[in-house]
Amino acid sequence: RKNLWWLSTGSKNLDSILGGGLESQSVIEFAGPYGSGKTQIAHQACVNLQCPERIIADEKLKEEILDNPKAVYIDTEGTFRPERIIEMAEAIGLDGKEVLKNIKVARAYNSDMQMLYAEKVEELIQKGENIRLVIVDSLTSTFRTEYTGRGKLAERQQKLGRHMATLNKLADLYNCVVLVTNQVAARPDAIFGPAEQAIGGHIVGHAATFRVFLKKTKGDKRLARLYDSPYLPDAETTFRITEKGVHD
Ligand code: GTP
Ligand code: MG
């Protein structure tokens, strides 16, 4: 793959297990239980896109990325918080209101809206918007509530597969970072549950390039584990979530 670039998560530790940061041309899944920090990571990524020091790319490409870059935030749970964006932005010396202007938030109330918004991103790009980050927070919650029971499983997996294909296409074709979140139950018997426990198991697993499992530990500390990556070893690290945002 040519012209790869990386968007920092805000944590050097986390960037390091990811091989440099959130990699373009890939779909990166953050999975974990309630409160593990998935939405915070998504917010921080939107802020970091406006920070030149947090974009790793060769010079010419970096210039293109920094030409009024925009993030699309598909919010299925109503957890996008403008005030939190402002707080994170100001913590790294950016103008919070300016950062907010460059995030297009789309509230999706069901899986059809969610899928449609993802498809619409391509039109925005073709109209000339420099969209470099696409977030789906959460990838699976609408599917989980709409397709319950065994009888609906095949249909759910099929739609989720189509949605993931749309996201992968955006990432590949337009050199974007795509970040998705996926809530999975905490397991008392293991630090990290097996990948297939995540909703959408096989479908998401095969369609995401990077999968990171998050876990809350003491205080503001979080554990992150990269697993099943096609070309990076499984690895574990820690980071923190404080009023400043996501950092080591
Ligand atoms: P679900 O969406 O419920 O599955 O959880 P999540 O993984 O998205 O969790 P989220 O990213 O919302 O993280 C919640 C945790 O982040 C909270 O328990 C807090 O520890 C921390 N957090 C969230 N917002 C703030 C904030 O404004 N300030 C600070 N200091 N911490 C926050
Ligand atoms: Mg969340």
Side-chain angles (χ1 to χ4, degrees), residues 7-11 13-14 18 22 27-49 71-92 94 96-97 99-100 103 105-111 113-114 117 133-146 160 167 177-188 191-193 195 197-201 204 208 210-227 236-248:
L7 175 63
S8 173
T9 59
S11 157
N13 291 343
L14 197 47
L18 284 164
L22 305 168
V27 175
I28 304 145
E29 178 203 17
F30 284 92
Y34 163 81
S36 57
K38 305 178 293 294
T39 296
Q40 294 299 302
I41 286 190
H43 278 60
Q44 186 74 59
C46 291
V47 171
N48 291 353
L49 185 65
V72 168
Y73 198 114
I74 301 173
D75 179 10
T76 73
E77 299 185 309
T79 52
F80 181 80
R81 291 280 172 275
E83 323 79 71
R84 184 59 169 148
I85 294 288
I86 291 173
E87 185 177 43
M88 286 173 166
E90 289 175 355
I92 56 169
L94 298 175
K97 292 229 169 77
V99 171
L100 258 186
I103 307 169
V105 183
R107 175 75 166 98
Y109 292 93
N110 55 54
S111 63
M113 281 177 84
Q114 178 183 338
Y117 284 141
L133 173 65
V134 178
I135 285 166
V136 186
D137 181 20
S138 132
L139 177 74
T140 43
S141 61
T142 58
F143 291 95
R144 186 184 296 141
T145 51
E146 291 165 36
L160 195 51
L167 295 171
V177 171
V178 177
L179 190 165
V180 303
T181 70
N182 188 5
Q183 196 191 70
V184 299
R187 296 202 331 167
I191 298 180
F192 293 107
Q197 218 182 279
I199 297 266
V204 182
F210 298 92
R211 312 191 80 188
V212 183
F213 199 100
L214 302 177
K215 190 180 190 296
K216 190 170 179 169
T217 60
K218 276 210 184 91
D220 53 23
K221 244 196 171 165
R222 300 290 190 286
L223 282 175
R225 182 189 182 201
L226 180 79
Y227 63 96
E236 233 173 88
T237 192
T238 61
F239 66 98
R240 293 196 297 148
I241 301 172
T242 69
E243 65 288 346
K244 290 196 176 82
V246 174
H247 54 92
D248 282 340

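For ligands, and for the atoms within them, numbers begin at 1 and follow the listed sequence. Treat the numbers as computed from the prediction; the structure is a model and nothing was measured.
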The one among Arg81, Arg222, Arg84 that brings a heavy atom closest to atom 19 (C) of ligand 1: Arg222
Min heavy-atom dist Pro33 to ligand 1 below 4.0 Å: yes
Student check: side-chain heavy atoms of Val27 and Val177 closer than 4.5 Å: no
Backbone N/O of Ser141 and side chain of Thr145: donor-acceptor pair under 3.5 Å: yes
Val178 and Ile28, any side-chain heavy atoms less than 4.5 Å apart: no
Atoms of ligand 1, numbered as shown, that sit under 4.0 Å from any heavy atom of Gln183: 1 (P), 3 (O), 4 (O)
Leu14 and Ile41, any side-chain heavy atoms less than 4.5 Å apart: yes
Ligand 1 contacted by Thr242 (non-hydrogen, < 4.0 Å): yes
Side-chain heavy atoms of Gln183 within contact of Lys38, under 4.5 Å: yes
Identity and distance of the protein heavy atom lying nearest atom 18 (O) of ligand 1: Lys216 NZ, 3.4 Å
Atom 3 (O) of ligand 1 [closest protein heavy-atom partner, distance rounded to 0.1 Å]: Tyr34 CD1, 3.1 Å
Test side chain to side chain donor-acceptor pair (under 3.5 Å) applied to Arg222 and Gln40, step by step: CA-CA 12 Å; Arg222 300 290 190 286; Gln40 294 299 302; over 6 Å; no
Within-cut-off N or O pair, Gly37 and ligand 1, under 3.5 Å: yes
Within 45° cone and under 6.0 Å: Arg211 NZ/CZ vs Phe213 ring: no
Check: Phe80 and Asp137 side chains under 4.5 Å, non-hydrogen atoms: no
Closest approach of any protein heavy atom to atom 12 (O) of ligand 1, naming residue and atom: Thr39 CB, 3.8 Å
Proximal candidate to atom 24 (N) of ligand 1 [heavy atom criterion; set Lys244, Glu243, Gln40, His43]: Gln40
Presence of N, O or S from Tyr34 under 2.8 Å of the Mg ion (ligand 2): no
Shortest protein contact, atom 7 (O) of ligand 1 (heavy atom only): Lys38 NZ, 2.7 Å
Shortest protein contact, atom 2 (O) of ligand 1 (heavy atom only): Glu77 OE1, 3.7 Å
Flag, side chain of Gln114 to backbone of Leu139, donor-acceptor distance under 3.5 Å: yes
Nearest neighbour in protein (non-hydrogen) for atom 5 (O) of ligand 1: Gly35 N, 2.9 Å
